[in-house]
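Notes for the one structure printed next.
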Amino acid sequence: MTQYFDCTEPTARATGLRAAVAAVRQGRLVVLPTDTVYGLGADAFDPRAVAALLTAKGRGRHKPSPVLVDSADALGELVDELPPGARELIEAFWPGGLTLVVRHRSSLGWDLGETKGTVAVRMPDHALALSLIAATGPMAVSSANLTDRPSPQDCAAAREMLGDAVSVYLDGGQTAGVVSSSIVDLSGPVPALVREGVVAGAQLRSVLPDLVVP
């Protein structure tokens, strides 16, 4: 049964967080607000839950899910070591609209899709999202839309698209905007800007001068 919680109300927020944590731990899907758009989330370490996430979106394994964390320390647990430039970018832009692509530990027991040994990680600047992730651990989170449909800025739009595929909807009100996070790939020999979004390329280069910007 799908549950909906208006998390702008404090009591409903607390109840909704408990329900969402339970759902994630049971391998089910939740919708949560972030600082960019609403996200569809699952336990990053539950392959069946991640597969259900991709299926709900109508998305193939060739487009693996990003992962949200609640701290830089949580990212450190996913990699053997932080690549050059990561710490500087994290200190400047986390939490916020910057996604970092890094090589993950080969020993991690997860299956996010066809990642080729990399993972896209972000720490969102949203209190409700961070509270949920702090309780569940890293979550696979992709925008809460059907493939090729607009990314939702409100919970109602996510519910209209995803319906009963989601166990818990956390409604945190309208999100800040539809501009996606910027993506910097740190998995190769030189850092490269893959997508310019919330954080401008010039801002990134002010922190990481050797960043390759298209």
Side-chain angles (χ1 to χ4, degrees), residues 24 29 32 34-47 49-51 53-54 56-57 59-126 129-130 132-133 136-145 147 151 178-201 203-204 207-208 211-214:
V24 172
L29 305 182
L32 63 150
T34 77
D35 49 336
T36 53
V37 296
Y38 272 78
L40 175 64
D43 181 352
F45 294 96
D46 185 334
V50 175
L53 183 157
L54 296 176
K57 284 177 60 70
R59 185 171 180 169
R61 285 176 51 81
H62 65 290
K63 292 185 177 181
S65 176
V67 169
L68 296 188
V69 295
D70 71 323
S71 68
D73 289 342
L75 169 59
E77 294 175 1
L78 303 179
V79 298
D80 290 318
E81 61 180 350
L82 288 177
R87 195 170 305 280
E88 291 82 358
L89 291 172
I90 287 169
E91 290 176 355
F93 302 112
W94 275 19
L98 176 62
T99 297
L100 299 178
V101 178
V102 297
R103 294 206 165 274
H104 64 74
R105 289 181 180 173
S106 59
S107 59
L108 291 180
W110 64 9
D111 182 2
L112 301 170
E114 296 172 7
T115 65
K116 298 179 181 178
T118 66
V119 61
V121 185
R122 187 167 83 88
M123 179 183 176
D125 189 10
H126 195 288
L130 291 174
L132 176 59
I133 299 162
T136 62
M139 290 183 63
V141 179
S142 184
S143 55
N145 62 311
T147 297
S151 298
V178 296
V179 180
S180 301
S181 66
S182 298
I183 301 176
V184 172
D185 188 348
L186 299 175
S187 67
V190 294
L193 180 62
V194 176
R195 180 179 73 192
E196 185 169 17
V198 174
V199 184
Q203 291 176 276
L204 294 165
V207 175
L208 205 62
L211 178 71
V212 176
V213 177

Using 0.5 Å steps for rounding, measure from the [atom1] atom of [X] to the [atom2] atom of [Y].
X	Y	atom1	atom2	value
D125	L98	CG	CG	12.5 Å
L54	H62	CG	NE2	10.0 Å
L53	D43	CG	CG	11.5 Å
I133	L68	CD1	CG	4.5 Å
I183	R122	CD1	CZ	10.0 Å

Heavy-atom closest pair, residues [X] and [Y]:
X	Y	result
P64	G113	CB-CA, 4.0 Å
L89	L100	CD1-CD2, 3.9 Å
A56	L29	CB-CD1, 4.0 Å
G85	L208	CA-CD1, 3.5 Å
A129	P124	CB-CG, 4.1 Å
V198	G97	CB-O, 4.0 Å

Whether the side chain of [X] engages the backbone of [Y] through a donor-acceptor N/O pair (distance < 3.5 Å, no angle test) should be reported.
X	Y	answer
E88	V207	no
R59	T147	no
R103	L186	no
K57	S143	yes
R105	L78	no

What's the verdict on side chain to side chain contact (heavy atoms under 4.5 Å, CB included) for V50 and D111, showing C-alpha distance, side-chain angles and the deciding distance? CA-CA 7 Å; V50 175; D111 182 2; over 6 Å; no
Walk me through whether M123 and L130 qualify under side chain to side chain contact (heavy atoms under 4.5 Å, CB included). CA-CA 8 Å; M123 179 183 176; L130 291 174; 4.0 Å; yes
More than 12 heavy atoms from other groups under 6.0 Å of CD on E114: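 Buried by this count: over 12 neighbours within 6.0 Å.
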Within the supplied structure, the quantity of interest is the number of heavy atoms (other residues, nucleotides, ligands) at a distance under 6.0 Å from R87 CZ; does it exceed 12?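 At most 12 heavy atoms, drawn from other residues, nucleotides or ligands, come within 6.0 Å of this atom.
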Checking L204 against F93 for the side chain to side chain contact (heavy atoms under 4.5 Å, CB included) test, could you report, in this order, the C-alpha distance in whole Å, the side-chain angles of both residues, the deciding distance, and whether it holds? CA-CA 9 Å; L204 294 165; F93 302 112; 3.7 Å; yes
Go through V119 and V102 one step at a time and tell me if the side chain to side chain contact (heavy atoms under 4.5 Å, CB included) criterion holds. CA-CA 6 Å; V119 61; V102 297; 3.9 Å; yes
How are the rings of F45 and W110 set to each other: parallel, tilted or perpendicular (split at 30° and 60°)?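 Rings of F45 and W110: parallel, as their planes differ by under 30°.
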Close side-chain approach of T115 and H104, heavy atoms under 4.5 Å: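 Answer yes - side chains close enough.
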side-chain hydrogen bond (donor to acceptor under 3.5 Å, both in side chains) for S181 and T36? Distances and angles first, verdict last. CA-CA 7 Å; S181 66; T36 53; over 6 Å; no
